[in-house]
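Below is one structure, written out as structure tokens; comments come after it.
These values consider heavy atoms only, across backbone and side chains, with no hydrogens, waters or symmetry-generated copies.
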Amino acid sequence: MSEFDAIFVGAGHNSLACAAHLALKGWKTGIFERSPTIGGAVQTREFTLPGFRHDFGAMNLSLFAGSAFHRKYANELKAQGLEFAPVADCFASAFPDGRWFGVSNDLEKTATRMAAFSAADATTWRRLVAAFPGEAEHLFRLLGSPMSARALAGTAWNLWRKKGMSGALDTGRLLLSSPRAWLEENFESPHIRATLATWGMHLDFAPDIAGGAVFPYLESMANQSFGMVLGKGGADTIIRALSGMVTAAGGKIVTGAEVAEITVSAGKATGVRLASGETHTATRAVIAGVAPKALTGKLLPNGSGDAGFDTAMQKFRHAPGTMMIHLALDDLPDWRAGSELRQFAYVHLSPSLDAMSRTYQQAMAGMLPDEPVLVVGQPTAIDPSRAPEGKHVLWVQVRMLPAEITGDAAGRIAPARWDQVKDNYADRVLDIIETYAPGLRNKILGQAVFSPIDLERENPNLVGGDQVCGSHHLAQNFLFRPAHGYAGWNTPVGNLHLTGAATWPGAGTGAASGYMLAQQLGGR
Ligand SMILES: Cc1cc2nc3c(=O)[nH]c(=O)nc-3n(C[C@H](O)[C@H](O)[C@H](O)COP(=O)(O)OP(=O)(O)OC[C@H]3O[C@@H](n4cnc5c(N)ncnc54)[C@H](O)[C@@H]3O)c2cc1C
């Protein structure tokens, strides 16, 4: 048995960032991770063949690069080996009619491409990009602040002071809008609308869901203004750097150590019991980087003592699932729409707003989508060090999928468990890519498929393959993440805190949940 000031359940990047800050403040920190490797959804492993390094989950590290944690600890992270691979050609869409559109960090390039679809849209794009710094200030402040009345009042006051009542209402309206509403108000080309709307599908915002417009807006404007960032050698560069910071500051990280129970005495968390039976005590905090259902359903066998909180955690809603297909390739895909697509970090295959809406609806109804949204990541186009010389990896994210299959919208795959279905479904995905990039199959040297259930097996926070650990719809975001009254990473149990993607400000690699909690506990 060891005694710590703070014990962390799980070694996701939020927990690591929180632990690093606290350890540097002199706290004795211990992190217990059930998997043999740390990083949770941010890992890079050789899933296919030796020398081919695949990002298990997150590939785009722009949120981490732009985070408050990175701003504060850039030198320490760099000293621990953090290295980014900057991206100029960020994302593109290829369309069934053979056309493509892409956003590069060079405004002239993007605007010229856009003008080929619509001159009016290109003018709008330039206007939105010019106005972005004024809008970003408020949106990033909101997303980077705790969900407290004081912080919200400060953000609202600043917004009103800088933009006036009418401008402030415009920002509020953007936050409430659906992707379709924002896109149809601003752009006339269906190709441009579809290209931007796909960013909503990275979360669980199909085109018609309120509150989703801000994600396509922020991602496209930020990519245009700052480019994108991948990890040099793999996304796990942030995990190696964070864990290096923790251990350099005296923290302890233990892998293969599943936490079976958070121990509680007199209404306060006192430590953890591992599945092995080992116990460890925490004198100041237990910080659980887990999915809400696991907190009250598993780790607190007697509940939290507050029935309302326990019910809210059990009713926490997850988003549809994801399948990941990792390919080791002889060469990048030969995109029919144009060879320039080979240089983009992401190529989206999601033809229209209506197709995205239909896919989402199919997944919500338990059906295998006939035409899932595909996010084809080409990390070795940016960072060749992830594969042997001249070879490539492809990171294919399949959105959106049901956790439990009740049918197939294409009528070809009989409903069964994912383990029985995943190879057939991966074939459907490769067939779709082949229509946009003929000959892809001939380039495949190795393949690894993770169904939504495989994702959850790797990391139980990805419930049903939900890559964002909980729906981000308005009723479960902001003050309601993970539940009303608990957006401040608190729980009804004294000294017990929740961190990670299920908590404010949600999923992504920005480490914001962990870092804001760390500052709350240990000071700035
Ligand atoms: C396929 C996929 C693609 C993504 N792409 C991107 C992207 O490109 N860019 C981006 O910004 N974000 C992306 N995301 C989202 C982002 O990666 C996650 O939101 C983020 O990494 C979650 O971090 P976290 O700190 O909440 O913990 P997680 O990464 O979820 O880690 C939690 C850890 O806790 C461990 N754990 C759970 N229970 C226990 C227990 N009882 N005992 C011990 N350990 C336990 C788990 O094993 C895991 O290691 C993606 C996610 C996925 C899955």
* Asked: Which value, rounded to the nearest 0.5 Å, describes the distance between Asp310 atom CG and Thr296 atom OG1?
  ->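 If we round to the nearest 0.5 Å, Asp310:CG and Thr296:OG1 are 5.0 Å apart.
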
* Asked: Atom SG of Cys90 and atom CZ of Phe344: how far apart are they, to the nearest 0.5 Å?
  ->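 Spacing of SG (Cys90) from CZ (Phe344) equals 8.0 Å.
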
Sequence neighbours excluded, which residues qualify as side chain to side chain donor-acceptor pair (under 3.5 Å) partners of [X]?
| X | result |
| --- | --- |
| Arg524 | Gln519 |
| Asn75 | none |
| Arg428 | Asp408 |

When you check the gap from the basic side-chain N to the acidic O, do [X] and [Y] get nearer than 4.0 Å?
| X | Y | value |
| --- | --- | --- |
| Asp236 | Arg53 | yes |
| Arg317 | Asp466 | no |
| Glu258 | Arg273 | no |

Quick check, are the ring centers of [X] and [Y] under 6.0 angstrom apart?
| X | Y | answer |
| --- | --- | --- |
| Tyr360 | Phe205 | no |
| Tyr486 | His484 | no |
| His21 | Trp27 | no |
| Phe52 | Phe47 | no |
| His202 | His472 | no |

* To do: Taking the side chain as every heavy atom from C-beta outward, state whether Leu394 and Pro333 have any atom pair closer than 4.5 Å.
  =>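 Of all side-chain heavy-atom pairs linking Pro333 with Leu394, at least one is under 4.5 Å.
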
* To do: Report yes or no: does Thr503 contribute a side-chain atom to a donor-acceptor pair with the main-chain N or O of Ala487 at less than 3.5 Å?
  =>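 Checking the backbone N and O of Ala487 against the side chain of Thr503, no donor-acceptor pair under 3.5 Å is found.
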
* **Donor-acceptor under 3.5 Å (Gln397 side chain, Met323 main chain)** =>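 No, because the side chain of Gln397 does not come within donor-acceptor range (under 3.5 Å) of the backbone of Met323.
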
* What's the verdict on side chain to side chain donor-acceptor pair (under 3.5 Å) for Thr322 and Arg399, showing C-alpha distance, side-chain angles and the deciding distance? -> CA-CA 5 Å; Thr322 293; Arg399 303 280 298 148; 2.7 Å; yes

